[in-house]
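Worksheet: one structure, shown below.
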Amino acid sequence: MSSFDPRRVRIDTPVFSRVINDRPIVYLDSASSTLPPRPVIEAMDRYYSGHHANVHRGVYQTANEATDIYEGARRDVGHFIGAPDPRHEIVFTKNTTESFNLLARSWGAATLRPGDVVLVTEMEHHANIVPWFQLQAERGIEVRFVPVRDDFRLDLTDLDRLLAGVKLFSFTAMSNVLGTRNPVAELVAAAHAHGALAAVDAAQSVGHQPTDVGAWDADFVCFSAHKMLGPTGLGIFWARADLLEAMPPFLGGGGMIADVRTDGFVPAHGPTRFEAGTPPIAEAAGLRAAVRYLTGLGLDEVSRYEHELTELALELLASGVGDRVRVIGPADAVDRGGVFSLDVEGVHPHDVAQVLDQFGVCVRPGHHCAKPLMRRFGLAATARASLGPYSLRSDLDVLVEALLAAIKLFG
Amino acid sequence: MSSFDPRRVRIDTPVFSRVINDRPIVYLDSASSTLPPRPVIEAMDRYYSGHHANVHRGVYQTANEATDIYEGARRDVGHFIGAPDPRHEIVFTKNTTESFNLLARSWGAATLRPGDVVLVTEMEHHANIVPWFQLQAERGIEVRFVPVRDDFRLDLTDLDRLLAGVKLFSFTAMSNVLGTRNPVAELVAAAHAHGALAAVDAAQSVGHQPTDVGAWDADFVCFSAHKMLGPTGLGIFWARADLLEAMPPFLGGGGMIADVRTDGFVPAHGPTRFEAGTPPIAEAAGLRAAVRYLTGLGLDEVSRYEHELTELALELLASGVGDRVRVIGPADAVDRGGVFSLDVEGVHPHDVAQVLDQFGVCVRPGHHCAKPLMRRFGLAATARASLGPYSLRSDLDVLVEALLAAIKLFG
Amino acid sequence: MANLDDLYREIILDHYRSPRNRGELVEATSRTEGFNPLCGDELVIYLIVRDGVLEDIKLTGHGCSISQASSSMMSSAVKGKRLEDVRHVIDRFKTMMTLHDDGTADAPAPEPDLRSDGELAALAGVVKFPVRIKCATLAWNTLAQALDEATA
Amino acid sequence: MANLDDLYREIILDHYRSPRNRGELVEATSRTEGFNPLCGDELVIYLIVRDGVLEDIKLTGHGCSISQASSSMMSSAVKGKRLEDVRHVIDRFKTMMTLHDDGTADAPAPEPDLRSDGELAALAGVVKFPVRIKCATLAWNTLAQALDEATA
Ligand SMILES: Cc1ncc(COP(=O)(O)O)c(C=O)c1O
Ligand SMILES: Cc1ncc(COP(=O)(O)O)c(C=O)c1O
């Protein structure tokens, strides 16, 4: 038996004391955002109550403390993902989306020429599609898609052909709609074999399984604090130090310059070049606590536990709700995370979610910012349930009960 | 006597219980970042503990609550600055710096042609300089500066000539180095008379005096939550609704689109077009509490009180520390806020700040992200003390005591 | 606490299961598309407008029960009416669906002339579920746009 | 708690008030600029290097007491030394100024050969004030760069 106990996580997480429609909350929307445990909330509270000051450039004590907290978060989150040299590799942004925009507008705009190809996949989140379309419109690059098979996995048969002329292969470690986990190291190796760089969207994976950017051999990795038990308002962009050092600045302003005159400016070196303005300091304190909390749980344990729960969920959804519910994602728990996009025959996802809310069950209806993928499967929307380290078997039971009620209501 | 009591604000602000080097903290760095009162900290704590969920698109209860909090913050901060229609005018960014980058990269890039002029002033923060230099480098616009007089006020004698050919006049309501308050309505009117639009950097003013974007007749206004008793990680961009609606998207990703296909995307309407990815939701809860707190204090009262304190500070700095301390900023309290950049003869600002820290006094040494201004006055750095609504007369006494000690130490 | 029964009235479920005026109109005088980017709901309204009368209306598209029922009920409510009367119904419906800044609605009880209309009043419960208001109003906003185009 | 006296030793204040080897060297064999963007400190180092010996060094620029004192003390410590000895002093000094990830320094006591050097050991207190380390090392990093250029 593993020492990991989801009940302890639940006790640590204050939102679980919420009662919705006379029922305890059944939070199944961790793919949208995870619920922060008390140590994360308290770290920010403590920061604001005892240490708040603007970072860098300060000499007085709280300014140094704030700087230590902020830079400490950079170091800790770097170590958490296996970054060899966090101080020269980790940039703090506001979310995964900004991280991808930074990649596209800085590295992309400096590197890509008209006709150059960026390869993404059909299962990407809009955060890893729209910035490339913006470059397509502005600079005539080509955006190419790796197709998704009917079994909800990437179709890699033509990968070599697709990679021809590609400068960057940017793909998700795990789909936020299908739950599919992609073979990251293998895809990175394929990219490198074709002379392309590789960027990984780790937003859905980093809080649910161990991450090692070195083992992946990736060039860029993007993720968000709020999807790994951390706060809103903070994203992470990791890049190989040599690549980062060569990237031109993106947002301009204070903190990212070495000099400004009335006739131009000289950008600073290192990650600060990309951190214009007052950064998300309290958020960094929260992320640091989240990293410590997740490390305490053990990502291996979390991943093993969520895998077991995923197996159970797939079983229940295959058998417990008649044949009206279809899971849009791999049917078995292999190479797959705890995300279940549901298509309920005759009941629109919006209505599914509405009925589920009556049972205290939180699921998200919609296209989940993955419209190309939805179109690929002929859907406008799904109702998505997703797991976190605090999810319980009983949550799945209530989910099934509520789904049956929805099916009954809409006859 | 006014009912405003800075001691009450101080009691509300937990950082003031800090003891630094055996002395109570004397926080004189509000121009860098203000200290949040307990209601702001608690609003975020409450949000994370009871309501956290991703916004928009949600159907379940906590998702609706989070959306209400987020959109409520948009409305409240809009009303706070006199925005006629917050829902169509307020965009949440991560800080003032991102707000200016949004202005430059969206409105600017769509509007400005080679040779077009953006007029700023010599007393701008880098946030309102570097983005324009970036456009200058990329698109050949011209960046022109309104000079600053020896008495630390804008030199407006040549304004009409300077405004010739200008498409945007972007200037600060209050200098973060000099404390100078500029005649915003008058400058906006001058810009409009020349067919230019006007953007106002309200970062230093919005937490210290009442703001009415309508009375200013401004077109764009940028500021940060963390300089108005609110949290880090949240900036505000206000634009006239018609201008905002015509601006193309900036960051691309989820939430800012109407549709995404494998061959392109269609952006959404309204402020969400500029809010790609998961926004700073808890931060919005904090901002809302800050707006409520400041409104409770009364911005008129705060401004009157800080004005009195500014008068006192200027007196003390002129007479209480011999003739070794020069205030780099207007010598009288008229049209001036509580920011005091100090040049201490024979003592480097870094050393001034270091000695002051020994007395628990928090001041910031450096160029304050205003290098063109520093150069204008032949300085590399100053030691800056600045006030907030919790500042006390006794803070100024300790400041003077500590300055005398610094002067003595360096002989 | 808003109850699910306030939202999913029997008459609404009935319109959802058996939508009225479904299909295309080949002889339509106008064809107008509506779209809710948040949920992906899509709607096409075909109209035949002649001599100031909305002679016929048909709808295609997909969406949730509220958006489907609302468009079906709308089509029944406006078909055959004079345009000024149609516009009046649209206005009254949108007023019923309006939330104030403080989260309250204008008309906790349905508007008199909507009540007289019968079925539409069943949608009044939607305002208790603010995120669903957009579902209910999509058809009506699209119809308003269609009339503007038809009479432009 | 770090004490101000650890930072502002008398010998440091002395070097600040009366900097050694100040000025330009017209016959310099190299001229190298150093710059600390955070505080705006600027430094120019002029060297005369001949036959593997740092024959002369002069400095101009401005900065805080720590950066001024450090550069002044450095100039005294390296003037007239063989280049390999200069490099050795630079390495030892930078080791003394290095903080580990956990905020501790390697050498709470000054390095032996810096102690033997006397004055430089006075700068050891700077590591207790981590933000000031950059002030103390600017001159040394710039000198290292100057040597690289001079011997390239
Ligand atoms: C006048 C002025 N503008 C802009 C800024 C930048 O604000 P932020 O660091 O929050 O982006 C500051 C803050 O230092 C400021 O004082
Ligand atoms: C796979 C994936 N990528 C990117 C994002 C965007 O993250 P954020 O909204 O924090 O920018 C998400 C979150 O929805 C996601 O699931």
Side-chain angles (χ1 to χ4, degrees), chain A residues 14-15 18 20 32-33 35-36 41 45 48-50 52-54 57-62 94-98 101 125-127 129-131 133-134 145 226 231-233 251-254 257 259-262 264-265 276-278 280-283 350 353-354 357 362 364-366 369 371-372, chain B residues 14-15 18 20 32-33 35-36 41 45 48-50 52-54 57-61 94-98 101 125-127 129-131 133-134 145 224 226 231-233 251-254 257 259-262 264-265 276-278 280-283 350 353-354 357 362 364-366 369 371-372:
Chain A
V15 168
R18 276 297 300 267
I20 310 266
S32 289
S33 199
L35 299 177
I41 304 172
D45 198 315
Y48 281 124
S49 298
H52 176 60
N54 216 323
R57 254 171 266 266
V59 164
Y60 58 86
Q61 189 160 330
T62 51
K94 66 176 169 181
N95 50 29
T96 303
T97 303
E98 191 195 337
N101 279 272
H125 187 280
H126 294 161
I129 300 177
V130 178
F133 279 149
Q134 291 177 304
F145 287 78
H226 74 94
T232 57
L251 302 180
I257 57 96
D259 196 16
V260 179
R261 297 174 309 274
T262 51
F265 74 100
T278 303
I281 314 168
E283 292 79 355
H350 232 118
Q354 191 81 57
D357 173 56
C362 308
R364 191 154 294 246
C369 300
K371 289 202 116 191
Chain B
V15 169
R18 275 298 297 269
I20 311 265
S32 289
S33 198
L35 299 176
I41 304 171
D45 196 317
Y48 280 124
S49 298
H52 177 60
N54 216 323
R57 255 170 266 266
V59 164
Y60 58 85
Q61 191 160 329
K94 66 175 168 179
N95 50 28
T96 303
T97 304
E98 191 195 337
N101 279 273
H125 187 280
H126 294 162
I129 299 178
V130 178
F133 279 148
Q134 290 177 306
F145 288 78
S224 289
H226 74 91
T232 56
L251 303 179
I257 57 95
D259 197 15
V260 179
R261 298 173 310 273
T262 51
F265 75 100
T278 302
I281 315 168
E283 290 80 354
H350 231 118
Q354 191 80 57
D357 174 56
C362 309
R364 190 154 295 248
C369 300
K371 289 201 117 194

Legend entry - B:Tyr48 side, atom OH; A:Ile41 side, atom CD1 - distance, nearest 0.5 Å: 8.5 Å
Legend entry - Polar side-chain atom of B:Asn54 near backbone of A:Ser33 as donor-acceptor pair, under 3.5 Å: no
Legend entry - Distance (rounded to the nearest 0.5 Å) between B:Lys371 NZ and A:Asp259 CG: 4.0 Å
Inset, instruction - State the CD-CD distance between B:Glu283 and A:Glu283, to the nearest 0.5 angstrom. - result: 4.0 Å
Legend entry - Which atom of B:Phe133 lies closest to which atom of A:Gly264, heavy atoms considered: CZ-N, 3.3 Å
Legend entry - Minimal non-hydrogen separation, B:Val260 against A:Ile129, with atom names: CG1-CG2, 4.0 Å
Legend entry - B:Thr232 side chain vs A:Ala282 backbone, donor-acceptor pair below 3.5 Å: yes
Inset, instruction - Between chain B and each of A:Val59, A:Ile20, A:Ile281, count heavy-atom pairs under 4.5 Å; write down the option with the most. - result: A:Val59
Legend entry - Contact leader toward chain B among A:Ser49, A:Pro280, A:Ser32, A:Pro365, where contacts are heavy-atom pairs under 4.5 Å: A:Ser49
Legend entry - Inter-residue atom distance B:Asp357.CG - A:Thr62.OG1, 0.5 Å rounding: 8.0 Å
Legend entry - Minimum heavy-atom distance A:Gly254-B:His126, with the two atoms named: N-CB, 3.8 Å
Inset, instruction - Answer yes or no: is there a side-chain heavy-atom contact under 4.5 Å between A:Thr278 and B:Ser224? - result: no
Legend entry - Contacting moiety of B:Arg18, where chain A heavy atoms sit under 4.5 Å: side chain
Inset, instruction - Please state whether the side chain, the backbone, both or neither of B:Ile257 comes within less than 4.5 Å of a heavy atom of chain A. - result: side chain
Inset, instruction - Name the option with the most non-hydrogen atom pairs under 4.5 Å to chain A; the candidates are B:Cys369, B:Ala127, B:Gly50, B:Ala353. - result: B:Gly50
Inset, instruction - Heavy atoms only: give me the nearest B:Gly277-A:Thr97 pair and the separation to one decimal. - result: CA-OG1, 3.2 Å
Inset, instruction - Please report the shortest heavy-atom distance between B:Leu35 and A:His52, naming the atom on each side. - result: CD2-O, 3.5 Å
Inset, instruction - Could you have a look at B:Ala276, B:Cys362, B:Gly366, B:Pro231 and say which one has the most heavy-atom pairs with chain A under 4.5 angstrom? - result: B:Cys362
Legend entry - B:Thr96, part contacting chain A, at a heavy-atom distance under 4.5 Å: neither
Inset, instruction - Using non-hydrogen atoms and a 4.5 Å limit, figure out which bit of B:Asp45 sits close to chain A: side chain, backbone, both or neither. - result: both
Inset, instruction - Looking only at non-hydrogen atoms, find the nearest pair between A:Gly252 and B:Pro131 and report the distance. - result: O-CG, 3.5 Å
